[in-house]
Amino acid sequence: MNNKEGLNPVFISTLAVLPLITLAQTLNEIVFLGLVASLAYAIAISFVSILEKMTDRNLRFFVFMIIACAVISIAQYIYSLFPNKLFSTAGEKIDYCLVTAGILALDTIYVNPKTELTHYFYRLLIQIPLFLGIYLLFGSVREIMAHGTLWNIDLGFSGLEFMRSTPGALVLLAVICAFCNSFYLAGKHKKLQYDMLVSKYKMKINIERNASRIEAVNASERQNFGADELIEKKKEEEEGPKGE
Amino acid sequence: MSNVVFLLLTCMLTSNVCTSSALAVPTLSAYKRSFPYTALMGFLFSFILICSGVGYYLIYSLLEDYSVQYAKLMIIVALVGLFSFLGYFIFRALNKEAFYIYEKSYTFLFMFVSCVGVLIYSIVNQVFVNYILSLVFYSLGFVIVNFIVYGAYYKINGPYAPNSLRGLPLLLVLMAIIGFAFAGFEVLI
């Protein structure tokens with residue numbers, strides 16, 4: 001999963017979606033679970049970022065899990081006060097959002113620790129929409145293929161039995177992951193090409209600049225900036241005492 | 001059918017934590033290039049899961065009368081954290097090279113979240129022996145899938161695989177195939 005350039009953000013988001021794939025079948029439940037997981041992650045990581053220079057990363061992750069756990073328990077309590085039929089199945093399984101939040105924290109706590117506040121918000125701005133995007137795409141396609149509905153609106157066919165099972169969901173998630181990964185790899189490849197082009201032009205400019213400097217030195221009246229004179233002087237000084 | 005066989009078939013095969021609920025898949029995505037390391041990972045996962053499961057069962061049965069449904073999650077996280085750190089220090093004392101890989105491949109995090117997920121998934125309102133047996137079979141199920149993934153590591157991550165499918169997508173497809181194979185045991189239940 002990891003390589004020299006760091007972790008693949010598409011893979012992290014897909015891993016974060018994994019614990020939630022069997023819990024919700026319809027898009028409305030998926031939106032609910034996705035938002036609870038994102039909320040828990042954003043709140044807990046904001047608190048943990050304060051401890052950046054105080055603790056080691058494993059301990060920081062443990063603190064993150066405790067805070068995320070508290071946030072999810074509060075969300076569960078609020079849900080029990082106002083139960084909604086639309087989210088009935090997912091509402092009882094909010095606990096699993098903790099696993100999702102934990103996986104999302106990998107990048108911020110372990111790989112790219114917060115060095116500046118802007119960098120930290122930049123990570124949040126990439127991670128949460130990517131996770132929600134993959135989860136919503138997965139939820140929409142699965143609801144259409146498994147039940148023949150979209151947000152409980154009938155589309156006119158009964159759906160496939162295979163897509164209701166976990167292996168079906170895993171295959172669908174694999175396809176979505178590969179699809180997003182191909183875009184990510186293409187973008188990465190383009191960035192690499194761009195960086196190489198920039199470095200090539202930098203080298204070209206440097207070569208031209210160096211060539212012009214050499215020409216300026218050659219054209220100067222004092223040969224070697226007076227280095228020859230200095231060498232001759234030193235020779236004379238060395239030879240002087242011997243001659244005496 | 002005896003109770004043990006039923007638990008074996010359900011917890012280890014049909015409701016496998018990797019293929020049925022996909023809760024332990026994050027741990028599978030960690031390093032899988034050496035056989036001893038894979039075996040150590042399986043052992044560590046079983047140690048954390050079973051020890052924290054026993055602790056969770058005892059605390060839950062003690063506090064059952066006090067309506068602890070909102071503290072349940074906190075108990076799980078605290079226990080899994082405690083045993084994860086214990087496993088971390090044991091691992092560090094056992095083998096420095098393996099510990100280096102453990103740290104490098106973020107296994108602490110993946111194992112932590114997987115164990116939390118499996119403990120949430122397990123049903124605690126049952127007889128103690130049944131609960132422990134179910135945890136043991138969950139661990140065994142994980143170990144089996146772990147070794148299958150170890151065997152297929154170079155096919156999944158090697159140059160044979162297309163670029164965009166390499167790594168996690170192929171691992172998920174492998175999980176789906178194993179899930180299908182394990183679902184066949186439902187006939188026996």
Side-chain angles (χ1 to χ4, degrees), chain A residues 1-2 7-8 10-11 14-23 57-59 61-63 65-66 68-70 72-74 76-77 80 93-96 98-103 105-106 109-111 165-186, chain B residues 15-16 19-26 28-31 69-78 80-82 84-85 88 103-106 108-110 112-121 157 162-183:
Chain A
M1 205 179 97
N2 51 329
L7 294 173
N8 185 335
V10 176
F11 285 1
T14 310
L15 279 177
V17 168
L18 267 171
L20 305 176
I21 57 168
T22 51
L23 305 179
R57 58 188 199 173
N58 290 334
L59 199 59
F61 176 69
F62 179 63
V63 174
M65 287 298 274
I66 294 280
C69 177
I72 286 166
S73 297
I74 292 166
Q76 207 178 21
Y77 177 70
S80 69
K93 292 173 180 172
I94 296 176
D95 292 353
Y96 290 93
L98 182 64
V99 183
T100 297
I103 297 167
L106 167 68
I109 293 181
Y110 282 76
V111 189
S165 64
T166 312
L170 285 170
V171 170
L172 179 63
L173 192 61
V175 171
I176 290 170
C177 178
F179 178 71
C180 296
N181 194 28
S182 62
F183 278 104
Y184 171 74
L185 291 177
Chain B
S15 299
N16 189 293
T19 57
S20 170
S21 56
L23 288 164
V25 174
L28 293 177
S29 62
Y31 187 86
Q69 54 171 332
Y70 296 114
K72 196 179 88 175
L73 211 56
M74 198 65 91
I75 296 167
I76 290 175
V77 170
V80 173
L82 179 75
S84 292
F85 275 109
Y88 172 86
E103 273 287 277
K104 197 87 179 158
S105 57
Y106 319 112
F108 181 89
L109 177 141
F110 287 136
F112 192 114
V113 291
S114 296
C115 287
V116 167
V118 175
L119 281 184
I120 295 169
Y121 181 65
N157 285 288
N163 250 350
S164 55
L165 279 171
R166 197 176 295 162
L168 191 63
L170 277 181
L171 179 69
L172 294 179
V173 174
L174 181 69
M175 286 300 108
I177 294 165
I178 300 169
F180 264 124
F182 284 173

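Worth saying up front: this structure is predicted, and the values here are computed from it rather than measured. Quick note on labels: first sequence line is chain A, next is B, and so on, each numbered from 1.
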message = Can you tell me which of A:I176, A:N58, A:L23 forms the most heavy-atom pairs within a distance under 4.5 Å of chain B?
response = A:N58
remark   = Honestly, the part of A:I21 sitting under 4.5 Å from a heavy atom of chain B is side chain
task = Under 4.5 Å heavy-atom distance to chain A, tell me which part of B:L23 shows up: side chain, backbone, both or neither.
result = side chain
message = At a 4.5 Å cut-off on heavy atoms, which part of A:A186 comes close to chain B: side chain, backbone, both, or neither?
response = neither
query = Are B:Y106 and A:R57 side-chain neighbours, meaning at least one heavy-atom pair lies under 4.5 Å?
reply = yes
task = Below 4.5 Å from any heavy atom of chain B, which atoms of A:Y77 appear? Answer side chain, backbone, both or neither.
result = both
query = Heavy-atom distance under 4.5 Å to chain A: side chain of B:F85, backbone, both or neither?
reply = side chain
key: Contact check, side chains of A:T100 and A:V17, non-hydrogen atoms, under 4.5 Å   = no
task = Decide yes or no for A:I109 and B:L109: does some side-chain heavy atom of the first lie under 4.5 Å from some side-chain heavy atom of the second?
result = no
query = Can you say whether A:L185 sits under 4.5 Å from chain B via the side chain, the backbone, both, or neither, judging by heavy atoms?
reply = side chain
task = To the nearest 0.5 Å, tell me how far A:F11 CZ sits from B:L171 CG.
result = 9.5 Å
note = Heaviest contributor of heavy-atom pairs below 4.5 Å to chain A, chosen from B:V25, B:T19, B:L172, is B:L172
message = Run the side-chain contact (heavy atoms from CB on, under 4.5 Å) test on B:K72 and A:Q76 for me, step by step, so that the C-alpha distance in whole Å, both residues' side-chain angles and the decisive distance to 0.1 Å come before the verdict.
response = CA-CA 12 Å; B:K72 196 179 88 175; A:Q76 207 178 21; over 6 Å; no
request  = Name the region of B:F180, side chain, backbone, both or neither, that has any atom closer than 4.5 Å to a heavy atom of chain A.
outcome  = both
ask   = Could you give the distance from CG (A:D95) to CD1 (B:I76), rounded to the nearest 0.5 Å?
value = 7.0 Å
ask   = Who among A:L173, A:L18, A:T22 has the most heavy-atom pairs with chain B under 4.5 Å?
value = A:L18
inquiry  = Under a 3.5 Å distance rule, please check whether B:S20 uses its side chain to pair with a backbone N or O of B:S15 as donor and acceptor.
reply    = no
key: Part of A:I72 lying under 4.5 Å from any heavy atom of chain B   = side chain
task = Quick one: pull up CZ in B:R166 and CG in A:N8 and give me the separation to the nearest 0.5 Å.
result = 12.0 Å
